[in-house]
Colleague: 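Pasting in a structure now, in structure tokens, and then I'll have a few things to ask.
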Amino acid sequence: MKIPPPKSEAELIQRAENLKDRSLGELALLMNLKMPENFSREKGFIGQLLELVLGASAGSKSEPDFQTLGIELKTLPLKINGQPKESTYVSIVPLLSSSLIAWRESAVYAKLRRVLWIPYLFDKASHPQDWLIKAPILWSPSTEDERVLKNDWQELMSMVQMGELAQIDARLGEYLQIRPKGMNASARRQGLNEEGQAIATSPLGFYLRPEFTNKILMP
DNA sequence: GCGTGATCATGG
DNA sequence: CCATGATCACGC
């Protein structure tokens with residue numbers, strides 16, 4: 001079952017709204033996919049299932065999922081109280097960007113300028129096939145959201161570019177944080193030290209804090 | 001091997 | 001309980 005990409009934002013929204021109150025098992029059946037035996041391993045399954053169902057196209061590229069529409073797709077697991085259960089991965093942290101990057105030219109902005117959020121109820125008490133999809137939210141950051149995101153991004157990227165990797169941890173950033181993003185703790189990438197020399201470091205990613213995605217759910 | 005899709009697992 | 005740091009599968 002191959003779903004073509006949506007031709008317009010309106011078509012994408014309509015598709016997404018048709019998924020409301022449906023279960024993950026239904027969608028997997030529709031796409032002729034088997035639900036994973038071990039969900040704690042295939043962690044990306046739900047995101048990939050929704051990409052397929054909605055006709056997303058970017059694959060593993062560093063671009064928004066719906067390239068021609070400029071829209072990023074994000075699934076968002078909710079606790080039973082309706083609040084986000086986890087942070088949301090945005091993109092890899094560029095460790096070797098030699099020149100200064102403008103916020104609006106960044107991968108983070110490219111992905112966050114317009115996001116289709118698909119929330120779903122993550123409930124450990126039931127099987128993932130019974131988890132329900134909630135109403136989609138097509139979102140763009142408000143002026144104030146963008147101000148904070150840009151500020152976080154600039155402060156964190158400044159540290160990366162100044163070679164202050166040792167001082168970066170997940171406590172920095174109001175909405176946007178940096179955390180490891182690799183196969184495991186021994187994964188290595190090339191970064192810079194304070195002298196501008198190449199050093200080995202962990203691969204890092206930008207993540208949105210759950211406090212922020214909760215504001216998106218309850219504007 | 002790297003980036004995307006993310007969630008897991010433990011300490012405090 | 002929850003955030004931080006660690007981890008897993010897949011496509012290319």
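Quick note on labels: first sequence line is chain A, next is B, and so on, each numbered from 1. As the structure is a computational prediction, the values presented were derived from the model and not from experiment.
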Colleague: May I ask you to verify if any side-chain N or O of A:K79 is less than 4.0 angstrom from the OP1 or OP2 atom of C:dC2?
Modeller: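 Affirmative; the distance criterion is met.
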Colleague: Starting at the 5' end of DNA chain B, which residue's closest nucleotide do you reach first, A:R189 or A:E86?
Modeller: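 Checking each residue's closest nucleotide, the 5'-ward one belongs to A:R189.
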Colleague: What integer distance in Å separates A:L76:CG from B:dT7:C1'?
Modeller: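 Whole-Å distance recorded here is 13 Å.
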Colleague: When the distance from CZ of A:R179 to P of B:dT7 is rounded to whole Å, what number comes out?
Modeller: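 So the CZ-P distance, A:R179 to B:dT7, works out to 11 Å.
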Colleague: Relative to the 5' end of DNA chain B, which residue comes earlier, A:F39 or A:Q48, by the nucleotide with the nearest heavy atom?
Modeller: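 Nearest-nucleotide comparison on DNA chain B picks A:Q48.
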Colleague: Report which part of the nucleic acid A:G47 touches: base, sugar-phosphate, or nothing (heavy-atom distance under 4.0 Å, all strands).
Modeller: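 A:G47: backbone/sugar contact only, no base atoms under 4.0 Å.
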Colleague: If you assign A:Q177 and A:N184 each to the DNA chain C nucleotide with the nearest heavy atom, which residue ends up on the more 5' nucleotide?
Modeller: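 Upstream on the strand: A:Q177.
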Colleague: Looking at every strand, decide which applies to A:Q190 at a 4.0 Å heavy-atom threshold: base, sugar-phosphate, or nothing.
Modeller: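 Answer is nothing: A:Q190 stays at 4.0 Å or more from every strand.
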Colleague: For a quick check of understanding: with a heavy-atom distance under 4.0 Å over all strands, which category does A:Q83 fall into, base, sugar-phosphate or nothing?
Modeller: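 No contact.
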Colleague: Looking only at the side chain of A:D169 (C-beta and beyond, no hydrogens), which of the listed nucleotides C:dA9, C:dA6, C:dG5 gets closest?
Modeller: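 Of the options given, the side chain of A:D169 lies nearest C:dG5.
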Colleague: Taking the six-membered ring for Trp, are A:H127 and A:F39 parallel (under 30°), tilted (30 to 60°) or perpendicular (over 60°)?
Modeller: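 Perpendicular: the ring planes of A:H127 and A:F39 meet at over 60°.
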Colleague: Checking all strands, does A:G205 fall into the base, sugar-phosphate, or nothing category for heavy-atom contacts under 4.0 angstrom?
Modeller: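 The answer is nothing, as A:G205 stays clear of every strand by at least 4.0 Å.
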Colleague: Can you measure A:I46 atom CD1 to B:dT4 atom C1' for me and round it to whole angstrom units?
Modeller: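 Going from A:I46 (CD1) to B:dT4 (C1'), I get 15 Å.
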Colleague: Given the structure, check if the side chain of A:K181 and the base of B:dG5 hold any donor-acceptor pair shorter than 3.5 Å.
Modeller: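 Donor-acceptor pair under 3.5 Å: yes.
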Colleague: Return the value, rounded to whole Å, for the distance between atom CG of A:L95 and atom P of B:dG1.
Modeller: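 Rounded to whole Å, this separation is 18 Å.
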Colleague: Taking any heavy-atom pair under 4.0 Å as a contact, classify A:T75: base, sugar-phosphate, or nothing.
Modeller: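 Sugar-phosphate, backbone atoms only, no base.
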Colleague: Before accepting this row, confirm whether a basic side-chain N of the pair A:E86/A:K43 lies closer than 4.0 Å to the acidic partner's carboxylate O.
Modeller: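 Not counted as a salt bridge, because no side-chain N and carboxylate O are separated by less than 4.0 Å.
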Colleague: Can you work out whether A:R41 or A:L172 has the more 5'-proximal nearest nucleotide on DNA chain C?
Modeller: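 The 5'-side residue here is A:L172.
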Colleague: Would you mind checking if A:E211 and A:K215 are paired as a salt bridge, meaning a charged N to carboxylate O distance below 4.0 Å?
Modeller: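 The answer is no: the pair does not qualify as a salt bridge.
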Colleague: Rounded to whole angstroms, how far apart are CG on A:L204 and P on C:dT4?
Modeller: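 From A:L204 CG to C:dT4 P: 14 Å.
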Colleague: Calculate the interatomic distance between A:E63 atom CD and C:dC12 atom P; express it in whole Å.
Modeller: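 It works out to 14 Å between those atoms.
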Colleague: Send over the distance from A:W131 CH2 to B:dA6 C1', rounded to a whole Å.
Modeller: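 After rounding, the gap between these two atoms is 12 Å.
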Colleague: Output the single nucleotide from C:dC10, B:dT7, C:dA6 whose closest atom is nearest the side chain of A:A185.
Modeller: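 Side chain of A:A185 sits closest to C:dA6.
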Colleague: Can you confirm if the NZ or CZ of A:R179 lies within 45° of the ring axis of A:Y207 and under 6.0 Å from the centre of its six-membered ring?
Modeller: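 Relative to the ring axis of A:Y207, which defines the angle, A:R179 lies inside both limits.
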Colleague: Between A:R147 and A:E144, is the closest basic N to carboxylate O distance under 4.0 Å?
Modeller: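 Yes, A:E144 and A:R147 are salt-bridged.
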Colleague: Reckon A:F122 touches a base, only the sugar-phosphate, or nothing at all at heavy-atom distances under 4.0 Å?
Modeller: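 The answer is sugar-phosphate, as A:F122 gets under 4.0 Å only of primed atoms, P, OP1 or OP2.
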Colleague: Do we get A:K181 above A:Y89's six-membered ring, with its NZ or CZ under 6.0 Å from the centre and within 45° of the axis?
Modeller: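 Yes, cation above the ring, under 6.0 Å and within 45°.
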Colleague: Tell me which nucleotide among B:dG5, B:dT4, C:dA6 gets nearest to the side chain of A:Y89.
Modeller: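 Nearest to the side chain of A:Y89 among the choices is B:dT4.
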Colleague: Between A:E174 and A:R209, does any NZ, NE, NH1 or NH2 come within less than 4.0 Å of an OD or OE carboxylate oxygen?
Modeller: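 No, no charged N to carboxylate O under 4.0 Å.
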Colleague: Between A:K85 and B:dC8, does any side-chain N or O lie under 4.0 Å from OP1 or OP2?
Modeller: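 For B:dC8, OP1/OP2 do have a side-chain N/O of A:K85 under 4.0 Å.
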Colleague: Need one value for A:F206: base, sugar-phosphate or nothing, where a base atom within 4.0 Å counts as base even if backbone is also close, heavy atoms only.
Modeller: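 No contact.
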Colleague: Hey, is the side chain of A:Y207 pairing donor to acceptor with the base of B:dA6 inside 3.5 Å?
Modeller: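 By the distance-only test, yes, there is a pair.
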Colleague: Would you kindly give the CZ-to-C1' distance between A:F45 and B:dT7, to the nearest whole Å?
Modeller: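 Distance, rounded to whole Å: 15 Å.
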Colleague: Under 4.0 angstrom, heavy atoms only, what part of the nucleic acid is A:P203 near: base, sugar-phosphate, or nothing?
Modeller: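 Counting heavy atoms under 4.0 Å across all strands, no contact is made by A:P203.
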